[in-house]
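Since the structure comes first, as structure tokens, the remarks are kept for the end.
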Amino acid sequence: MPELPEVETVCRGLEAALRGRRLARVEVRRADLRVPFPAGFAERLTGRRVTAIRRRAKYMLWAFDDGQVLIGHLGMSGRMVIGGGAPPPPGRHDHVLFVTDDGGHVVFNDQRRFGLMLLDHQDTLEHHPLLAGLGPEPLGNGFDGPTLSAALAGRHTPIKAALLDQRVVAGLGNIYVAEALFRARISPRRQAYTVAGARAERLVPAIRAVLEEAIAKGGSTLRDYVQATGELGYFQHEFAVYDREGEACRSCQRGLVRRIVQANRSTFYCAACQR
DNA sequence: CGGCAAACCTGCGAGC
DNA sequence: TGCTCGCAGGTTTGCC
């Protein structure tokens with residue numbers, strides 16, 4: 001489900017609800033996700049105060065007053081849902097309950113159990129295996145045409161697959177790769193190493209724009225995704241190509257949106273205007 | 001080493 | 001109605 005815009009939206013919601021709050025109770029109801037919860041997860045967080053919540057790539061990072069950091073990932077179907085009042089009885093796929101000292105709570109729900117929650121410390125975080133190899137943040141200053149070209153140099157794989165590689169650029173997934181390539185008029189089948197110079201200079205702002213617009217709309221809701229506040233995302237209504245197989249291209253009007261499979265994932269594009 | 005398919009898990013919709 | 005198949009926003013593993 002969640003790519004950068006969805007995780008960013010969730011983090012903003014959590015920040016508003018949790019920053020400055022102490023965790024009065026933490027309850028792990030089911031620990032056997034694809035990556036199991038670490039031993040002592042609940043105990044290590046109970047009584048700790050949340051000092052900040054931020055995002056790196058598709059990871060949530062919750063910082064605590066004792067230097068611990070919770071590294072969270074929503075996988076394909078993970079949700080974080082903020083509630084007030086008494087915590088509800090455990091629902092299906094509710095894996096963790098966080099109760100705060102102001103009487104609120106947050107539930108981590110993940111139907112497919114591809115998500116994860118791990119613990120690390122602030123001073124070792126940048127060396128954590130999940131974070132160490134990540135590429136630049138696409139909305140940050142370290143992402144530009146030359147940087148992207150360099151990351152793609154020598155890569156004999158379709159640009160679609162390269163952009164899904166979190167070492168190239170961090171936070172893109174299947175939806176936003178398709179939308180960004182459409183905006184940059186680059187075919188998803190083009191070999192990655194040929195995206196250099198002017199093409200890379202087109203792709204960088206296309207990636208930035210689609211992510212910023214998606215964040216402004218609260219992300220994209222297809223099936224599982226909701227914001228932490230429970231609201232839906234609305235960017236799915238703006239898709240130019242994703243999940244629009246057979247529909248007319250919004251840009252060139254000549255072609256129909258085509259669906260192909262690359263690296264075992266669906267790719268949507270317009271063969272008439274993406275080269 | 002690079003690139004790709006399969007695996008992980010659950011649920012839903014389409015088609016027979 | 002009910003079954004099977006294919007597919008889903010991600011990432012890792014293992015094979016060639």
Side-chain angles (χ1 to χ4, degrees), chain A residues 1-11 29-37 55-60 71-80 91-95 108-118 128-135 138 151-181 188-194 207 210-211 214-215 217-228 232-239 241-246 259-268:
Chain A
M1 132 205 165
E3 305 182 29
L4 186 153
E6 289 75 30
V7 180
E8 178 66 26
T9 302
V10 165
C11 283
R29 290 158 167 172
R30 179 161 189 178
D32 63 328
L33 307 198
R34 182 169 184 269
V35 177
F37 284 85
R55 177 194 60 73
R56 169 75 171 112
K58 299 171 194 169
Y59 292 97
M60 304 179 285
I71 303 173
H73 197 292
L74 298 172
M76 290 278 260
S77 56
R79 303 174 166 200
M80 303 298 307
R92 194 158 160 72
H93 309 305
D94 285 349
H95 304 314
F108 170 46
N109 174 290
D110 183 8
Q111 172 182 113
R112 295 177 70 182
R113 290 194 276 131
F114 289 169
L116 63 81
M117 283 193 173
L118 301 176
H128 193 284
L130 291 177
L131 306 178
L134 292 171
L152 297 173
R155 299 219 31 178
H156 290 249
T157 193
I159 184 66
K160 156 72 186 293
L163 293 177
L164 286 177
D165 185 338
Q166 303 296 296
R167 296 170 300 186
V168 171
V169 54
L172 296 181
N174 212 30
I175 293 176
Y176 298 106
V177 165
E179 296 296 318
L181 287 172
R189 312 172 67 150
R190 171 175 284 281
Q191 288 292 293
Y193 69 89
T194 71
I207 290 171
V210 74
L211 295 177
I215 291 169
K217 298 270 181 175
S220 302
T221 294
L222 301 185
R223 273 166 291 274
D224 306 305
Y225 170 72
V226 291
Q227 303 184 34
L232 303 179
Y234 294 96
F235 190 72
Q236 67 277 13
H237 303 300
E238 314 295 324
F239 291 169
V241 288
Y242 185 83
D243 208 18
R244 297 189 66 237
E245 181 183 14
R259 175 184 177 273
I260 60 173
V261 174
Q262 295 177 296
N264 269 347
R265 316 278 312 268
S266 288
T267 294
F268 300 90

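Worth saying up front: this structure is predicted, and the values here are computed from it rather than measured. A note on names: the letters A, B, ... follow the listed sequences, proteins ahead of strands, and every chain is numbered from 1.
Distance CZ (A:Phe114) to C1' (C:dT13): 13 Å, rounded to an integer number of Å. The interatomic distance linking A:Leu33 (CG) with C:dT12 (C1') rounds to 15 Å, in whole Å. Atom pair A:Leu118:CG and C:dG10:P shows a separation of 19 Å (rounding to whole Å applied). Taking atom CZ of A:Arg113 as the reference point, atom P of B:dC8 lies 12 Å away to the nearest angstrom. Taking atom CG on A:Asn109 and atom P on B:dT10, their separation rounds to 13 Å, with Å as the unit. At whole-Å resolution of the value, CD in A:Glu3 and C1' in C:dG10 are 9 Å apart.
Counting atom types as modelled, A:Arg112 pairs no side-chain N or O with a base atom of B:dG11 as donor and acceptor under 3.5 Å. At a cut-off of 3.5 angstrom, counting only N and O atoms as typed in the model, there is no donor on one side facing an acceptor on the other between the side-chain of A:Asn174 and the base of C:dA8.
A:Phe235 comes within contact range of no nucleotide atom at all, as no heavy-atom separation falls under 4.0 Å. Across all strands, A:Leu4 comes closer than 4.0 Å to no nucleic acid atom at all (heavy-atom distances).
Using a 4.0 Å cut-off between charged side-chain N and carboxylate O, A:Asp165 and A:Arg155 make a salt bridge.
Nucleotides C:dG6 and B:dA5 place their P atoms 16 Å apart, quoted to the nearest Å. Between the P atoms of C:dG14 and B:dC9, the separation comes to 15 Å (whole Å). Using P as the reference atom, B:dA6 and C:dC5 are 16 Å apart when rounded to the nearest Å.
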TODO: Just do the side chain to side chain donor-acceptor pair (under 3.5 Å) check on A:Glu6 and A:Tyr176 with the steps written out, would you?
DONE: CA-CA 11 Å; A:Glu6 289 75 30; A:Tyr176 298 106; 2.6 Å; yes
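Between A:Ser77 and the phosphate of C:dA8, there is no side-chain N or O to OP1/OP2 separation shorter than 4.0 Å. Put simply, A:Tyr242 has a side-chain N or O that comes within less than 4.0 Å of OP1 or OP2 on C:dG9. The phosphate of B:dG11 has OP1 or OP2 within less than 4.0 Å of a side-chain N or O from A:His93. Look at A:Arg265 and you won't find any side-chain N or O under 4.0 angstrom from OP1 or OP2 of C:dA8.
Along DNA chain B, the nucleotide nearest A:Arg92 and the nucleotide nearest A:Arg34 are compared for position; the residue whose nucleotide lies closer to the 5' end is A:Arg34.
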